[in-house]
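These figures come from a predicted structure and were not determined experimentally. Residue numbering restarts at 1 for every chain, and letters A, B, ... go by the order of the sequence lines.
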Amino acid sequence: MPPLPEAVEGRVVTRFAPNPDFVIHLGNARPAILSYEYKVMYKGKMILRFEDTDPRTKTPLPEAYELIRQDLKWLGVEWDEEYIQSLRLEIYYNIVRELLAKGAAYIDDKSPEEFRRYRNEGMLDNYPPRRRSPEDNLELWDKMLEGHFGEGEAVLRIKTDPNHPDPSIRDWVAFRIIDTSLHPHPITGDKYIVWPTYNFAAAVDDHLMGVTHILRAKEHMQNTIKQKYLYSHMGWEYPHVIHFGRLKLEGFIMSKSALKKLLEEGTGQGLSDPRFATIAGLRRRGIVPEAIRQLMIEVGVKHTDASISYVNLAAINRSIIDPKAKRIMAVFEPVKLVVKNIPWGSRTVEIPYHPSGSLGSRRIMLSGPSLELLVSRSDVELMLRNSVIRLMEAFNITIKEVKHDAIIAYYHSESLEEARKYGAPIIQWVKPENSVKVELVVPEGLDLQRIYGVAEEAARHLKIDELVQFVRVGFARIDSVQAEGDNVKKITAVYAHD
RNA sequence: GCCGCGGUAGUAUAGCCCGGCCAAGUAUGCGGGCCUUUCAAGCCCGUGACCCGGGUUCAAAUCCCGGCCGCGGCACCA
């Protein structure tokens, strides 16, 4: 990671400030992870701050506070202090009195249209509310707090350059009235009706919390300019800001509104739907935190938008999970395979869970002279093209007949060398006895495909969240295990990538 | 429309501030080969980019100007 401007070891303070109106997604992971990584790099401090100051249009989700904490922990992000803005309104109110006394802010009790007229015509200097005395403003402020004004009847504005080239900068709104009897706040209920805007609360908190470096998306660039006026009124020094572009994960649903819409339609998968680019969705799909961390560090802090392709994320993820994912044999849309003329009565094959041999092994007993197995329907084609096939880790067979309900084969030979000699394809197989039903959920863009099959007996011992590789199919995460007592009936897995 | 920020291979990123070592590095993808009891991993080879046009300079991806394109903001959202 590139160094931070004017960063001193031990003195860097970063923050991650989500709005708890929803869970966090991959885009939020960027400021969260980078803030954390820089904190670690400079042995500083990181703050988690919930920005929940709009109970009306961005009503906080009560459970989101904890879900966000959980997601951050899962990502490996550790923060040192935590704040909730809705619990800090008195602090903001006190700053307001100071600003008002200094003549740096004023109560605007005219209509938005009236203000806009003065602002857009460059007449802001002469806007009557702007010219009010500090004493009158203080009095009006108290009236606001006491409830003399209804929603939309008064706001508090911070004085800026009244002729700033960007009109949106001019005398921005710092507080507005929200009728919390109509729109209660999940934490403070209807206790407060005068709420700070993002620019006020974030700016004040960044100072009070000693934040030295802000990492935020570039949609805040104009906000930085607005906030600097507040800092200059208060005589504060503005932190260093690093802006970066937006992040998109190709093929995933990212926008909050689209996610909410799908949730309402009832996808049955909730916030962790594997089609979502939410942290929970990616976790569900078998993406590990380290992969997200590496991706964020690679993407960095450029101003340009980045469109991440899933294969890229998958490649990083694969390199992390490949060494520790058990290889499990599973066949989908199973087809019966009958092997005849086996020269031995019974034999046990020992198959390592990983080609490296580092994950142990399981034993499978096979018995002759006639053996019934299951193979994947997708491999039938291979059997039509190749007369000799090797059953992985077992023996070789000759295909005799491909019928619609079964494949008849004869034992051919034992060794791998022999299979090579014939150029025999190697396929996975499942012994029907003690096998487990498996449902593989495959997210594909907006669709969720499900394919069904059976897995070998060893799959009975898989645990939820375990990452496995179904041989010749791909990596997947065990999502659920259905059992009756100790008897595992079925496992459901979510496909991660090949 | 008005403010602001950007544009390096399919994707992501390095280099740009401090011009030459960049006929542009890395990862991933793609093509080919090797290896391998997986369509995984590993190894080798190849593929492919400095938005366009001017200018400054002995020399420009790097500096300047113009254009084009993309993104963000213009909220009593964050």
Side-chain angles (χ1 to χ4, degrees), chain A residues 2 17-22 50-54 56-60 85 108 111-112 115-116 119-120 149 151-157 164-170 172-178 194-199 201-202 216-226 243-250 256 294-295 297-300 302-316 318-319 321-323 325 327-329 349 351-352 354-356 378-379 382 390-396 415-417 419-420 424-428 469-475 497-498:
Chain A
N19 181 334
D21 68 335
F22 204 64
F50 290 103
E51 304 205 322
D52 54 350
T53 60
D54 182 6
R56 184 174 46 199
T57 57
K58 289 208 171 164
T59 315
Q85 289 190 323
D108 179 2
S111 70
F115 170 81
R116 238 169 265 141
R119 182 191 67 185
N120 296 345
F149 297 101
E151 278 191 7
E153 290 175 7
V155 293
L156 181 134
R157 293 184 183 277
H164 192 281
D166 181 350
S168 76
I169 302 292
R170 300 175 198 163
W172 51 274
V173 172
F175 282 84
R176 77 292 208 194
I177 292 164
I178 295 171
V194 179
W195 287 86
T197 58
Y198 162 79
N199 275 308
R216 61 158 79 119
K218 69 176 179 186
E219 63 236 35
H220 290 299
M221 280 180 149
Q222 268 76 3
N223 290 328
T224 301
I225 301 167
K226 292 184 185 182
H243 292 288
F244 40 76
R246 293 176 60 135
L247 208 61
K248 194 173 73 189
L249 185 58
E250 285 170 11
K256 269 184 196 174
Q294 283 183 23
L295 180 70
I297 288 171
E298 180 186 320
V299 171
K302 288 212 314 180
H303 279 189
T304 34
D305 293 349
S307 188
I308 309 294
S309 65
Y310 183 69
V311 287
N312 234 313
L313 213 206
I316 299 172
R318 186 185 301 117
S319 71
I321 69 174
D322 183 82
R327 270 49 176 178
I328 296 290
M329 292 200 286
V349 290
I351 308 177
H354 193 278
S356 69
S378 57
D379 284 332
L382 268 181
R390 178 165 180 82
L391 299 175
M392 187 185 284
E393 301 277 3
F395 54 91
N396 312 319
S415 72
L416 177 63
E417 289 66 34
R420 291 236 173 84
I426 299 167
I427 66 167
Q428 81 278 22
Q469 186 202 51
F470 289 121
V471 174
R472 299 207 305 136
V473 175
F475 293 91
H497 46 72
D498 57 17

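- Counting any heavy atom pair closer than 4.0 Å across all strands shown, A:H164 reaches no nucleic acid atom.
- Contact annotation: A:T53 reaches the phosphate of B:A78 (side-chain N/O to OP1 or OP2, under 4.0 Å).
- Regarding contacts with the backbone of B:C77, a side-chain N or O of A:R56 is found under 4.0 angstrom from either OP1 or OP2.
- Here B:C71 presents its C1' atom at 14 Å from CG of A:L247, a figure rounded to the nearest Å.
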At under 4.0 Å between heavy atoms, how does the protein contact nucleotides 8-17 of chain B? Give one character per nucleotide, 5' to 3', with B, S or -. ---BBSS---

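- Contact annotation for A:P355: base contact, defined as any heavy-atom pair under 4.0 Å involving a base atom.
- Taking the nucleotide of RNA chain B with the nearest heavy atom to each of A:P196 and A:I426, the more 5' of the two is matched to A:I426.
- In this model, a donor atom of one side chain and an acceptor atom of the other lie less than 3.5 Å apart for A:S307 and A:E250.
- Judged by distance alone, the side chain of A:R327 and the main-chain N or O of A:A325 form a donor-acceptor pair under 3.5 Å.
- In this structure a side-chain-to-backbone donor-acceptor pair under 3.5 Å is missing from A:D379 to A:L382.
- Within 4.0 Å (heavy atoms only), A:N396 reaches no atom of the nucleic acid at all.
- Of the side-chain N and O atoms in A:R318, one or more sit less than 4.0 angstrom from OP1 or OP2 of B:A41.
- Across all strands, A:F470 comes closer than 4.0 Å to no nucleic acid atom at all (heavy-atom distances).
- A:N223 comes within 4.0 angstrom of a base, heavy atoms only.
- Residue-level contact check: A:S356 touches neither bases nor backbone, having no heavy atom under 4.0 Å from any strand.
- Salt bridge status for A:R157 with A:D108: present, with a side-chain N to carboxylate O gap under 4.0 Å.
- A:G245 comes within contact range of no nucleotide atom at all, as no heavy-atom separation falls under 4.0 Å.
- Using a 4.0 Å heavy-atom distance criterion, A:S319 is classed as making no nucleic acid contact.
- The side chain of A:R246 contributes an N or O atom lying less than 4.0 Å from OP1 or OP2 of B:G72.
- With hydrogens and angles ignored, a donor-acceptor pair closer than 3.5 Å exists between the side chain of A:Q222 and the base of B:C3.
- Ion pairing between A:R56 and A:E151 holds under the 4.0 Å rule for side-chain N and carboxylate O.
- Here, B:G6 and B:C44 have their P atoms 39 Å apart, quoted to the whole Å.
- Side chain of A:R390 to backbone of A:A424: no donor-acceptor contact under 3.5 angstrom is found.
- Residue-environment remark: NZ (A:K248) stays at or below the threshold of 12 foreign heavy atoms within 6.0 Å.
- If you check every strand for non-hydrogen atoms under 4.0 Å, A:E51 touches sugar and phosphate atoms only.
- For RNA chain B, the stems formed by at least three consecutive Watson-Crick or G-U pairs, with both atom-pair distances below 3.5 Å, span B:1-7 with B:68-74, B:10-13 with B:25-28, B:29-34 with B:42-47, B:51-55 with B:63-67.
- For the pair A:D322 CG and B:A41 C1', the computed distance is 5 Å after rounding to whole Å.
- Among the atoms of the strands shown, base atoms are found under 4.0 Å from some heavy atom of A:P112.
- Under the 3.5 Å distance criterion, the side-chain polar atoms of A:T53 are left unmatched by any main-chain donor or acceptor of A:T197.
- For the C1' atoms, the distance linking B:G46 with B:C51 amounts to 27 Å, nearest Å.
- The line from CD1 of A:I169 to CG of A:N199 is 8.5 Å long, rounded to the nearest 0.5 Å.
- No salt bridge links A:K58 with A:D52; every basic N to acidic carboxylate O contact stays at or beyond 4.0 Å.
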